[in-house]
Structure formats: structure tokens, C-alpha cells
2 protein chains.
Amino acid sequence: MARRNDHTREELREMALASAERIIAQEGLAGLSTRKVATAIGYSVGALYTLFSNLDDLCWQLNERTLSCLMAAIKEVDETDPVACLQGCARIYQAFAEQYPERWRLLFEHRSNTDNPLPDQLSTRIGGLFEHIDGCLARLYPRIDRHERQLRSRILWSGIHGLTQLEHSNKLFLPDAMTAEDIRIHLIDSLLAGWDKESHHA
Amino acid sequence: MARRNDHTREELREMALASAERIIAQEGLAGLSTRKVATAIGYSVGALYTLFSNLDDLCWQLNERTLSCLMAAIKEVDETDPVACLQGCARIYQAFAEQYPERWRLLFEHRSNTDNPLPDQLSTRIGGLFEHIDGCLARLYPRIDRHERQLRSRILWSGIHGLTQLEHSNKLFLPDAMTAEDIRIHLIDSLLAGWDKESHHA
DNA sequence: AGGTGATTTTGAACAGCGTTCAGTATACTA
DNA sequence: TAGTATACTGAACGCTGTTCAAAATCACCT
């Protein structure tokens with residue numbers, strides 16, 4: 001009972017990815033399987049393999065969408081003050097991980113066994129995120145050179161990411177009356193305070 | 001052909017965990033399976049289930065060993081200067097993740113579907129790590145209160161952990177002539193510089 | 001030494017997984 | 001309408017974690 005033209009191939013791809021996102025949101029990463037996705041879009045397993053080369057490929061495309069979605073949210077941060085902009089980006093990042101915990105996990109835990117560690121599309125998007133942070137830092141510290149700015153953006157991003165992951169996996173051991181939000185704010189404050197000191201790495 | 005007294009149950013457990021560590025070191029996390037571990041120790045699959053309640057349990061016990069190993073390495077850092085001590089701990093942490101990448105991944109990626117997010121033993125060990133960082137900070141800033149010290153230790157640990165994970169998953173996008181080591185050192189320097197300013201969160 | 005009960009170990013079995021591919025049903029073309 | 005190209009199916013393969021009746025061995029008692 002083969003069919004045809006029920007949907008465009010692009011539509012099918014979209015349906016499959018959307019279904020996959022729903023599945024991992026409801027059942028977790030471990031609940032994702034080709035058979036479930038196929039059933040969800042009303043096709044057989046084999047049909048999925050005409051849309052994606054394999055489950056690995058589907059996961060990478062999921063990550064593409066996730067990162068695209070995250071970047072869009074971050075770029076909506078509209079603050080004139082660069083400090084507020086950095087805090088806003090970090091807040092969005094943390095909120096995103098909380099809203100889509102399984103997609104966020106996939107973003108960092110998925111990797112292929114062979115070949116390149118990251119597909120090019122994904123690399124480009126991550127590069128874009130760093131450039132965005134770089135932009136804030138350039139406004140904050142117009143006199144520092146490119147190298148120092150790149151260093152600082154990676155320090156910032158490492159801290160925010162680490163905080164988000166530790167919190168998300170219950171490894172932050174927050175004392176009473178301390179939230180991950182407190183830590184995020186103070187993390188950025190502390191770093192900027194350190195960089196405001198003229199004496200630091202002239 | 002059942003046997004007995006070939007090994008103590010504790011010996012068997014040890015053999016199984018050691019084999020599992022070797023398997024994931026050689027074949028990656030995805031290569032770990034109950035049948036492989038059973039074959040490696042010369043027993044059948046069923047026998048494994050008298051040592052561990054399931055694969056989940058085995059993974060938690062692996063994490064127990066990994067964290068114990070990591071803590072031992074960190075506690076060997078013997079620096080009188082608290083700043084050097086913090087830098088040393090961070091260096092060890094990063095080096096450990098590089099030496100045992102798959103075990104380190106398991107430590108942060110493994111989680112059970114149900115019940116408690118973390119076994120108690122593991123929680124205790126993580127708590128110990130925070131206390132160790134807290135100790136360094138107490139020597140550095142004897143005048144700040146407990147709450148502020150806990151806040152700072154979590155900021156530090158978040159940064160180091162995030163940096164390590166991003167580097168380890170090729171998501172740090174290091175420019176030429178910049179290493180993860182540079183970032184680690186500057187991360188700590190910057191934070192401490194921020195905290196040295198009297199004006200900050202008195 | 002022989003028997004008996006407790007304990008340890010086996011391995012077949014089950015359901016589910018990713019992946020492949022010969023075959024079938026449909027749509028387009030001539 | 002016949003033929004061809006395309007879309008799709010679903011059984012099959014080898015793998016996975018997990019269970020459990022049966023088998024093999026040990027420890028002990030007579």
C-alpha cells in the first residue's frame with residue numbers, strides 16, 4: 001500500500017522532526033526510536049530512511065533546529081546596556097535549557113562514532129553564538145584587542161553553560177536560599193568586575 | 001556448569017567494574033553492554049544480575065569509582081597558596097576529563113528514568129568536592145560569610161566544569177594560539193580579581 | 001562415603017532496538 | 001492502456017537489557 005504525494009519530502013522531514021521533538025519531550029531521550037517516529041507520522045520505518053540517512057542524522061538535524069531556536073531567542077534580547085545584554089543572554093540560555101531539557105541534553109550529549117565531531121551547519125551556528133557574545137564585549141570594552149575579547153567570551157560562555165548543566169543534572173548542591181539565578185547573575189558580575197580592573201592583563 | 005568460589009562476590013564486582021571501564025575506554029560509552037562485561041569476566045549474562053540490579057546500577061557504581069578517583073587526584077593538590085590550590089584543582093579536573101573522557105562523560109550524562117536523580121553515595125562525594133573548594137576560598141577570604149563562600153565555590157566550579165565539557169565536545173571554538181588551559185587560568189584569575197575588589201557584594 | 005539442601009551459574013527466551021532491502025503499490029509518461 | 005519510475009512497506013538480521021526455570025556445584029550432616 002505504497003502512496004505518493006500525501007506530503008512533500010520536506011513536509012515529511014518537518015513532520016518527523018516535530019514528532020521526534022514531541023517524543024523526547026514526553027518520554028526523554030531514551031524514548032526516541034525510529035519506529036516511534038515512523039508511527040507518529042503514519043509511515044513505516046523504512047520510509048524514515050528515505051528522509052534521514054539514519055537516527056544519527058535525525059539527531060543532528062534535531063540539534064540544528066534546537067540551536068536555531070535558541071539563537072533566535074537570544075537575538076531577541078534587546079538591551080542597549082551591554083551588561084544588561086550579557087545578563088539577558090545568559091538568562092535566556094538558562095530558561096531555554098529549563099523549557100526544553102531533553103532537546104538541550106541532546107545538543108551536548110549527541111555525537112557520532114566516526115568522522116567529524118560536528119556537522120558544519122552546527123559549527124556555524126555555535127560560531128554565531130560566540131560572535132554575539134563577542135559583540136556585547138566589544139561594546140563593553142572597546143579598547144581590548146580581538147584575542148582578549150575572544151578569551152573573555154569563552155570564559156563567560158563556559159561559566160553560563162557549566163552552571164546550566166550542573167543545575168540541570170542536580171549536581172550544583174544549592175544551599176537553601178540560593179538559586180541558579182543568583183549564581184548566574186553573580187557569575188557575570190564577578191567576571192565583569194575582574195575585567196574592569198585596569199591592572200588585569202593589560 | 002555452574003561454579004562457586006572461583007571468586008568472592010566482591011572480587012567479581014571489582015572485575016566487572018574494571019572490565020566495564022576498559023570497555024568504555026576502548027569502545028566508548030555506546031560500546032558498553034551487559035553481554036560484553038559478562039564475557040570479559042568469564043561469566044554469563046545472568047550472573048551479572050546477581051552482582052548488579054541492572055545496567056543502570058552498574059553505571060552508578062562506575063560513577064562512584066570515577067568520582068572517588070577524581071577526588072583522590074584533587075586532594076593530592078598540595079599548595080600552600082590558596083590561589084595556586086584553586087588553579088591546581090582546576091588543572092587536575094581538566095586533566096582527568098582528558099585522561100578518562102568516556103568515564104567523565106558517563107559521570108554527567110548518566111541518569112535513571114525514575115526515582116531519585118542521584119544515589120546518596122554520589123551526592124556525598126560531590127558535596128565533598130564543593131567543601132574542598134570552599135576550604136580554599138575560606139583561606140583566601142577569611143572574612144566573607146558562609147553563604148557568599150558557597151556562592152563563589154559554585155561559580156568557580158560551574159566555570160571550570162563548563163569549560164571542560166565544551167572543550168571536550170569541540171564546542172569551544174578555540175581561535176589559534178588559544179588553549180583551554182589559557183581559558184581555565186584566566187577564568188580563575190578574572191573571578192578572583194572581581195572578588196578582590198572590596199566594593200563587590202560587601 | 002553418600003545423600004540432601006542451599007547456593008551459584010547458565011543460557012534460552014522475550015520484547016525492543018537500528019538498519020537493510022526485496023517486493024509491492026502507486027503515479028507519471030508515452 | 002502499457003510501461004517505467006518512484007514511494008513505500010514490512011519481514012528479516014543482529015544487536016540490546018532483562019528474566020527465570022533448570023542445571024551444576026558446594027557445604028554440611030549422617
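Just so it is clear, the values below take in all heavy atoms, side chains as well, and ignore hydrogens, waters and symmetry mates. In the text below, chain A, chain B and the rest are named by the order of the sequence lines, each starting its count at 1.
Here the C1' atom of nucleotide D/dC26 and the CG atom of B/Asp6 are 12 Å apart, to the nearest Å. Atoms CD1 (B/Ile23) and P (D/dC15) sit 15 Å apart, rounded to a whole Å. Atom CG of A/Leu55 and atom P of C/dG18 are 6 Å apart (whole Å). Protein atom CG of A/Asn54 is 14 Å distant from nucleotide atom C1' of C/dC17, rounded to whole Å. One can place CG of A/Leu51 at 14 Å from P of C/dT19, the figure rounded to the nearest angstrom. Here the P atom of nucleotide C/dG18 and the CG atom of A/Leu29 are 13 Å apart, to the nearest Å. Between the C1' atom of D/dT6 and the NE2 atom of A/His7 lies a distance of 18 Å, rounded to the nearest Å. Per the geometry, CG belonging to B/Leu48 stands 10 Å off P belonging to C/dT10, to the nearest Å.
Seen from the ring of B/Tyr141, B/Arg149 does not count as a face-on cation partner, given the 6.0 Å and 45° thresholds. Figure legend: cation-pi geometry between A/Arg13 and A/Phe52 absent, as NZ or CZ is not positioned both under 6.0 Å from the six-membered ring centre and within 45° of its axis.
Two rings, from B/His161 and B/Trp104, have their centers less than 6.0 Å apart. Aromatic ring centres of B/Trp157 and B/Tyr93 lie closer together than 6.0 Å.
Using a 4.0 Å heavy-atom distance criterion, B/Leu32 is classed as a sugar-phosphate-only contact.
Applying the 3.5 Å distance criterion, the base of C/dG16 shares no donor-acceptor pair with the side chain of A/Arg35.
Residue B/Ser44 places its side chain closer to C/dT9 than to any other of D/dC8, C/dT19, C/dT9. Of the candidates C/dT9, D/dG10, C/dC17, C/dT9 carries the atom nearest the B/Arg9 side chain, counting heavy atoms from C-beta on. Nearest to the side chain of B/Tyr43, among C/dT19, D/dG10, C/dT9, sits C/dT9. The B/Ser33 side chain lies nearest to D/dG17 when the options are C/dT9, D/dG17, D/dC8. Listed nucleotides C/dG18, D/dG10, D/dG17 differ in distance to B/Tyr49; the shortest reach to its side chain belongs to D/dG17.
Nearest-nucleotide assignment on DNA chain C puts the 5′-proximal partner with A/Gly31, out of A/Gly46 and A/Gly31.
Between A/Arg125 and A/Glu131 there is no salt bridge, since no side-chain nitrogen of the basic residue lies less than 4.0 Å from a carboxylate oxygen of the acidic one.
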